[in-house]
Amino acid sequence: MSALETSATTSPRASADRRVEVKGLSKSFQLAKTTIEAVRDVTFDVRRGEFVALLGPSGSGKSTVLNMIASLIRPTAGEILIDGKRVVSGRATPNVGYVFQRDTLFPWRTVADNIGYGLELSGVSARERKERIAECVARAGLRGFENAYPSALSGGMRQRAALMRTLIVEPQILLMDEPFGALDTHTKIDMHEVLLRIWEREQQTVLFVTHDLGEALTLADRIILFSARPGRIKDMFAVDFARARDAVKVRETPRYAELFQHIWHSLGEEFIKGRSA
Amino acid sequence: MRRYSTLGTIGWQVLICAIVLSVWQWGYDLRARLPWLVPDLLDPYFISKPSMIFDNFLIQSCLKSKLGVFNGWFNGEFAKCLTRNENNLWAATAITLKNTFFGFITGVVSGFVAGLILGRSDRLSAIFQPFITAVNSIPRIALAPIIVLAFGIGDMSKIVTSWIVVVFLVFFNTFEGARSIDEGFTNAARLLGASEWQITRTVVIPSTMAWVFASLTPAISFALIGVIVGEFIGAERGIGRLIIESEARGEASGMMIAVVVLMLVGVVLSAIIWRLQAYLLRWQRQRSAE
């Protein structure tokens with residue numbers, strides 16, 4: 001056990017400080033006649049305002065865990081508490097925002113109408129909606145594209161619009177499922193900048209699923225490493241770079257290289273296991 | 001796709017029309033000299049001639065009297081002619097259009113609603129599946145005589161015939177559309193706090209629209225077919241009735257007028273649908289700016 005891990009796992013915390021509590025979470029799927037165990041006995045907490053990355057190879061169940069927290073999938077065993085309240089699957093938890101891997105912007109709505117969708121649902125007046133949409137459009141750097149349909153945008157622009165559609169309702173907990181997985185490296189780092197600036201300002205509690213170690217290091221306070229199927233927590237790592245971080249410069253520090261190497265081997269083992277499974 | 005100049009395309013279209021009309025008009029005259037070239041079908045007794053059709057059109061539409069004099073708009077000849085013949089071309093077209101419209105609207109609305117409900121409910125679709133398959137395998141037109149018997153020779157039987165051919169078409173398309181909705185969209189809406197009804201209104205209906213519209217152009221032709229068949233079987237007015245009457249008199253030009261009018265009506269209705277679709281589904285047509 002290295003000093004890196006202990007600092008993340010043993011620091012005592014008041015229970016009021018816990019935003020998300022995941023207890024003994026398991027999930028099995030029935031596929032044809034075989035049972036696939038996707039997640040096995042996963043337990044962790046997330047503090048208020050913490051940025052946690054769930055890192056692991058594909059098939060390690062990290063997205064399944066996220067989707068259970070989001071109430072999209074019903075767990076086979078275990079429970080999830082958000083602000084002390086149990087998550088009921090199929091019912092959206094207030095204050096929780098979700099950003100999908102694939103942008104799910106509605107193709108029949110313009111960029112502005114997509115971003116304002118959540119406000120429309122809760123009956124916010126057209127005037128207030130317009131103001132808040134304009135603000136979000138500006139923050140996402142989408143000025144001039146308000147009336148374009150998503151099909152006219154590039155991948156990065158679409159993902160920014162999708163991010164704003166989630167953020168406009170000001171969720172305090174943000175669940176992100178490989179949101180930048182489909183973007184090229186440069187666009188991805190741009191998106192990291194966008195996300196870091198938003199997070200620094202609003203201090204949401206973030207759960208960020210990724211298989212990209214560099215991304216996890218750039219963004220997170222803590223990395224939870226998942227093993228290959230069945231997904232279990234293999235390790236946890238504190239990422240102790242100073243805030244506010246610069247998504248490009250942070251990668252050039254010796255500490256980044258040190259952490260990267262340290263986690264890389266552990267992650268690599270799981271990638272190999274995942275391949276042979 | 002290669003782009004061709006609009007002018008060239010129109011040129012070809014005009015040429016094709018000219019050839020078809022010329023063969024129709026004068027083709028049979030060649031028979032005296034080249035009997036092996038001209039089939040019997042070109043006999044004006046069967047298919048009339050463009051000139052005769054146009055002439056007869058002017059008479060039937062009360063623009064011209066039977067003696068070949070143009071009816072005046074202001075001396076009341078036109079109006080008198082209209083009242084003399086209850087099923088004049090204008091009245092017949094109006095009545096057929098009216099019944100087509102009602103059959104179409106009721107068919108589209110009921111097919112859409114039923115398709116949406118069954119498409120969103122696994123349970124209901126499982127229950128109704130065999131009945132729908134059974135009823136759908138009936139050629140709907142075969143029901144027309146029964147419908148006329150049940151609803152009489154008035155407008156109602158035409159609307160019902162028209163409805164029954166339209167409703168299934170729209171139903172199946174809506175049903176398929178509602179089944180194939182991307183779960184990502186419904187999940188995104190749900191996680192943003194949408195209720196089931198809000199999901200239906202803001203996700204299910206818009207994403208089903210493309211499927212619904214794909215059925216509307218055939219639906220409008222089907223609606224017209226339903227009305228005409230209903231009128232063939234029993235009616236006092238309408239274009240179908242005009243065709244039956246002309247056939248009884250052995251008057252090809254009368255039938256052809258009705259056919260041409262139906263064609264124009266069909267084209268106009270399809271164009272309306274197309275414009276509506278281009279507007280409502282405008283999000284589909286904007287392509288990437290990259």
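Residue numbering restarts at 1 for every chain, and letters A, B, ... go by the order of the sequence lines.
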Legend entry - Criterion side chain to side chain contact (heavy atoms under 4.5 Å, CB included) on B:L192 and A:V169, from CA distance to verdict: CA-CA 8 Å; B:L192 282 163; A:V169 293; 4.3 Å; yes
Legend entry - chain A contact via B:T202 - side chain, backbone, both or neither, heavy atoms under 4.5 Å: both
Inset, instruction - Below 4.5 Å from any heavy atom of chain A, which atoms of B:A189 appear? Answer side chain, backbone, both or neither. - result: both
Inset, instruction - Pick one of side chain, backbone, both or neither for A:R91, based on which atoms fall under 4.5 Å of a heavy atom in chain B. - result: neither
Legend entry - A:L105, part contacting chain B, at a heavy-atom distance under 4.5 Å: backbone
Legend entry - Nearest-0.5 Å distance, OH of residue A:Y98 to CZ of residue B:R190: 13.5 Å
Legend entry - Distance (rounded to the nearest 0.5 Å) between A:W108 CH2 and B:F185 CZ: 5.0 Å
Inset, instruction - State, with a plain yes or no, whether a side-chain heavy atom of A:F106 is found less than 4.5 Å away from one of B:D182. - result: no
Legend entry - Beyond-backbone contact of B:W283 with A:S151, side-chain heavy atoms, under 4.5 angstrom: no
Please report the shortest heavy-atom distance between [X] and [Y], naming the atom on each side.
| X | Y | value |
| --- | --- | --- |
| B:G184 | A:R102 | CA-NH2, 3.8 Å |
| A:L72 | B:L191 | CD1-CD1, 3.8 Å |
| A:Y149 | B:R282 | OH-NE, 3.1 Å |

Heavy atoms of other groups near [X] [atom1], more than 12 under 6.0 Å:
| X | atom1 | value |
| --- | --- | --- |
| B:F172 | CZ | yes |
| B:F128 | CZ | no |
| B:E183 | CD | no |
| A:R197 | CZ | yes |
| B:L7 | CG | no |

Legend entry - Partner chain B: residue of A:P171, A:P107, A:S122, A:G118 with the largest heavy-atom pair count (under 4.5 Å): A:P107
Inset, instruction - May I ask you to name which of A:T110, A:T166, A:L121, A:V96 has the most heavy-atom pairs under 4.5 Å with chain B? - result: A:L121
